[in-house]
Enquirer: 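Structure incoming, see below.
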Amino acid sequence: MLEPRYEHKEVEDKIYSLWEKSGYFNPDNLPVAKNAKPFTIIMPPPNANGSLHIGHAVFVTLQDILTRFWRMRGRKALWLPGADHAGFETQVVFDKKLEKEGRSRFKMTRDEAWKEMWEFTQKNKVVMENQLRKLGASADWSREKFTLDPRIVEEVQNTFVKMYEDGLIYRGMRIVNWCSKHKTALSDLEVKYIERKDPLYYIKYGPLTLATVRPETKFGDTALAVNPKDKRYQKYIGKEIEAIGLLGKLKFKVIADDAVDPKFGTGVVKVTPAHDTTDFEIWQRHKDEISGPKTIIDENGRLTRETGTFTGLKVAEAREKVAEAMKEKDILEKIEPEYVHQVATCYKCGTTLEPLPKQQWFVKMEPLAKKALTAVQSGKIKFYPDRSKKVYFHWLKNIRDWNISRQIVWGIRIPAWFCLSCDETKMNPKIKSRWFLVRHGESEFNKEHRHQGQMKGNPLSAEGIVQVQKTAKLLKEQNIDLVISSDIERCEMTAKIIAEETGAKLVFDERLREQSTGVAEGMMKDEFEKKYGDIFSKYEERIPGGETWKELEERIWKSFNEHQKNHKHMNVVIVTHGSPISYILGKIKNIKGEDLITAPFPKNAEVVDLVISEPCKKCGGDIYEQDPDVFDTWFSSGQWPYLTLGYPKGKDFKNFYPTDVMETAYDILFFWVARMIMFGIYRTGHVPFKSVYLHGLVRDKDRQKMSKSKGNVVDPLGVSEIYGTDAVRMALVAGNTAGNDIIISEEKIKGYRNFATKIWNVSRFILMNKPSGIIKSTPSAEDKKNLAQLKKIKTEITKHLERFEFHLASEKIYHYFWHTFADKIIEGAKPRLRSNPSNPLGASNEEEKAAAYQTLETILIECLKMLHPFMPFITEEIWQKLKPGEPLIIAEW
RNA sequence: GCGCGCUUAGCUCAGUGGUAGAGCGUCACAUUGACAUUGUGAAGGCCGGAGGUCCGAUCCCUCCAGCGCGCACCA
């Protein structure tokens, strides 16, 4: 007998652990023939940076339906779960978390940030896995993967190296989409264009006038361009014109290029190769005529020293000030105040992106795209809905090279090293020894923003000691032989902690001291600046009582070279100060004079990790540094289907690849699906999956996208708690067609909760009427008709599921169960079950009752099977009462 | 600008070359029954507009409108 009510809260966990204990989520344990056909779905790995939202519940439902359906049909069903480290996304979440705590990633060392993010994602991962279980996911947890599992990382890097060797990956200086808040480049897909109204400025360049929305980039102009066919400007092409600039007279060559639209503005454009993609391309076409990128905006979105009085201004401020200055000089002809245009912004934070020239890694897309196109055109991969093919084709046909370098910490490190002296690239160099340049931890003076120089009485702060201890722990794993340190207190303390932790020998070298800064020592930084100005940016100028930069450079370089020669085969830590580290690196890179001063400066307790390897073929240098960048997350998740199956040698790869279905949301068609197809074909020679099913985005009943700020998010776990997981799953399937958005409301879920109650009560009623003992029975004509109808319904539902028509299948079984089975068949059987003595059929009452029962039970059993993929918990619970023993999960469909 | 969708009952959506369906909502009635988390029934739609193909169009084609989305270097 069943309880009077279905209590999902008591049932769901119990049933899930029954399944887990059965082992049937693992295809190896299924009671099927050895040669049974596999059915494989790789789960789109949720980002390990938060909890599951309703969109995840959609994929869980759909993929679980497929997995359960095909498992019941006798296939070796594998649904392989995983989690994604989600590089940039996670780092953004992490940044926000830090911000709330009053901290910043940009003040942390790389290793420190990495460690915290690792712990953060590991925690989230566990939460997520349990949420997936709550939603009923019948995934094989024994095969679960994380994108940062060592073997996955290794294989991702192998792909990179292979592609590099095959000429599919190159490193180059290109204009990238730079987010000055997150300080990283983004791929073209991560750019969100928004419409904005800005003033359009008409600027006079000598005899010509041109229109621009970005007057502040004027300082980076290297030419003017017109359309070659533009009659108005024929006489200027190839000539140099003189113009009045804000910083004096300028000379620009006028070139002709097709990229210029004669109908826009005045038909003349300024060419700013460093800060505009089109202009960069124009320059590349006219390299021998005009000069190249002149960077006037830095990574913080501020104007550089090239811009005179505008130095340090943010782009937006600079724009207004430059316009004002131009007005004063009478070179601003007019302003169109409300010019509407598209502005590139960061899809995560909305910051206006700066086009900046950067050395980055790119994937050459055309050859990959071509094959990915053919695979779908030839029908090797089918799309559901079919129309999404068109979108896919359109993208592939217009594809541009993919920037895969990210200037963030959280991700898979690019396995490329650069010869420090000539920048030559080497993949996975043979490591002879390692040199770690370590800056001292935070000192008391650092904390107080004082110049410290060589001043005494300036030990590490409490925070500084903690920083150094963390660094020392990391260095311990590196088999350090020797620590060489500056003898200034803050370094001495740092070196002692490191030497103790690593057990390495410790020596001091006074040549590794910080620059002696004379009168500056002990002074507050802003106070000093007021008094002495920017004396620190002069290479050969002497601060009273101190050393010049030049003198520091010579002393440091001599020391470093000597230690290099003497300890070549040792793993060495050099503990020194900010400027010395910056200078050592700068010197190796052949940076000269004043430019050395602006070379990157390490943070407190930061480690610069240098590798000593075979001498470079190009310049003979043997010091290498690994590219600090990490891969775009999609570079690793794009390889997910074969990586999760243990490519290249894994048994699973042989058995389960290519997979059957890739089920995911349509908004990551380009980000993910297209790239999986490209990578799959490239590395394995086969498509990664045979079908792509794309579901829509979940919206509320007013068609609004769900977002936290709107307050209309439906928490799948929350509503499951209230109405039961089965009800939520049904609500997510019904009316959910491929490629279209899904509308969900609490009322809809409630409706399916009612359905669950119906299922429960129907089962309860039937079990209540179970005859005691075995009674021979013959089905009546009515029974036969009903059973025949059942068979027909089942065939239809099977077909629907085979065709990915989840909504039709779910609605059909819902309808049949409630309005045919419950309302008609059971109602019709009631008189027979009551053993009416005046039964005209002539059968004995008991026999008649048994026949009626038998039919109802048969229909119930079949209905439970058909409902199971959609509503796994309640059906299994009833099944256990009806047929104790083998679980419903492997009942034959 | 190019491309892809959508437009069907009050709401949310299915659907088919033979002049329409579901859920929710509304209304009426019933019901101490396995189930009020129920049942029976009703009202409600020139299937966005205009043309075309066809014996016949909500469905196929063309154009138009509104909405949504994607792509795009227009300074």
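In what follows, chains carry the letters A, B, and so on, assigned in the order in which the sequence lines appear, proteins first and then strands, with residues in each chain numbered from 1.
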Enquirer: Would you kindly give the CD-to-P distance between E811(A) and rU12(B), to the nearest whole Å?
Expert: 17 Å
Enquirer: Please determine if K327(A) forms a cation-pi arrangement with Y201(A), meaning its NZ or CZ atom is less than 6.0 Å from the six-membered ring centre and no more than 45° off the ring axis.
Expert: no
Enquirer: Contact class for V271(A) (heavy atom, under 4.0 Å): base, sugar-phosphate, or nothing?
Expert: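 The residue V271(A) makes no contact with any strand.
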Enquirer: The side chain of H815(A) lies closest to which of these nucleotides: rC24(B), rA22(B), rA34(B)?
Expert: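 From the listed options, rA22(B) comes nearest.
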Enquirer: With side chain to side chain contact (heavy atoms under 4.5 Å, CB included) as the test, pick out the partner of L2(A) among N761(A), L767(A), I766(A).
Expert: L767(A)
Enquirer: With hydrogens left out and only the distance checked, is there a donor-acceptor pair under 3.5 Å joining K758(A)'s side chain and the base of rC35(B)?
Expert: yes
Enquirer: Test for a donor-acceptor pair under 3.5 Å between the base of rA34(B) and the side chain of E827(A), counting only N and O atoms.
Expert: yes
Enquirer: Between N403(A) (CG) and rC73(B) (P), how many Å, whole number?
Expert: 15 Å
Enquirer: Reckon F755(A) touches a base, only the sugar-phosphate, or nothing at all at heavy-atom distances under 4.0 Å?
Expert: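 It contacts nothing in the nucleic acid.
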Enquirer: To the nearest angstrom, how far is R214(A) atom CZ from rC73(B) atom P?
Expert: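 Result: 16 Å.
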Enquirer: What nucleotide among rA14(B), rC74(B), rA34(B) has an atom nearest to a side-chain atom of F264(A)?
Expert: rC74(B)
Enquirer: What would the secondary structure line of RNA chain B be in dot-bracket form, counting Watson-Crick and G-U wobble pairs under 3.5 Å, with [ ] for pairs that cross earlier ones and | for pairs with another strand?
Expert: (((((((..((((....[..)))).(((((.......))))).....(((((..]....))))))))))))....
Enquirer: Within the pair H819(A) and rG23(B), is there a side-chain N or O less than 4.0 Å away from OP1 or OP2?
Expert: yes
Enquirer: Check whether the side chain of T278(A) and the base of rC73(B) form a donor-acceptor pair under 3.5 Å.
Expert: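 Yes, the side chain and the base share a sub-3.5 Å donor-acceptor pair.
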Enquirer: Within 45° of the ring axis of Y347(A) and under 6.0 Å from its six-membered ring centre, is that where the NZ or CZ of K192(A) lies?
Expert: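 Cation-pi check for K192(A) and Y347(A): fails.
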Enquirer: Are E7(A) and R5(A) within salt-bridge range, i.e. N to O under 4.0 Å?
Expert: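 The answer is yes: the pair qualifies as a salt bridge.
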Enquirer: Please tabulate, one pair per line, all N/O donor-acceptor pairs under 3.5 Å involving side-chain atoms of residues 391-399 of chain A, not counting sequence neighbours.
Expert:
unit_1: Y392(A); atom_1: OH; unit_2: A372(A); atom_2: O; d: 2.8
unit_1: N398(A); atom_1: ND2; unit_2: H394(A); atom_2: O; d: 2.7

Enquirer: Between R319(A) and E216(A) (salt bridge meaning N to carboxylate O under 4.0 Å), is one present in this structure?
Expert: yes
Enquirer: What heavy-atom pair brings I290(A) and V271(A) nearest, and what distance separates the two atoms?
Expert: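 That closest heavy-atom pairing would be CD1-CG1, 4.3 Å.
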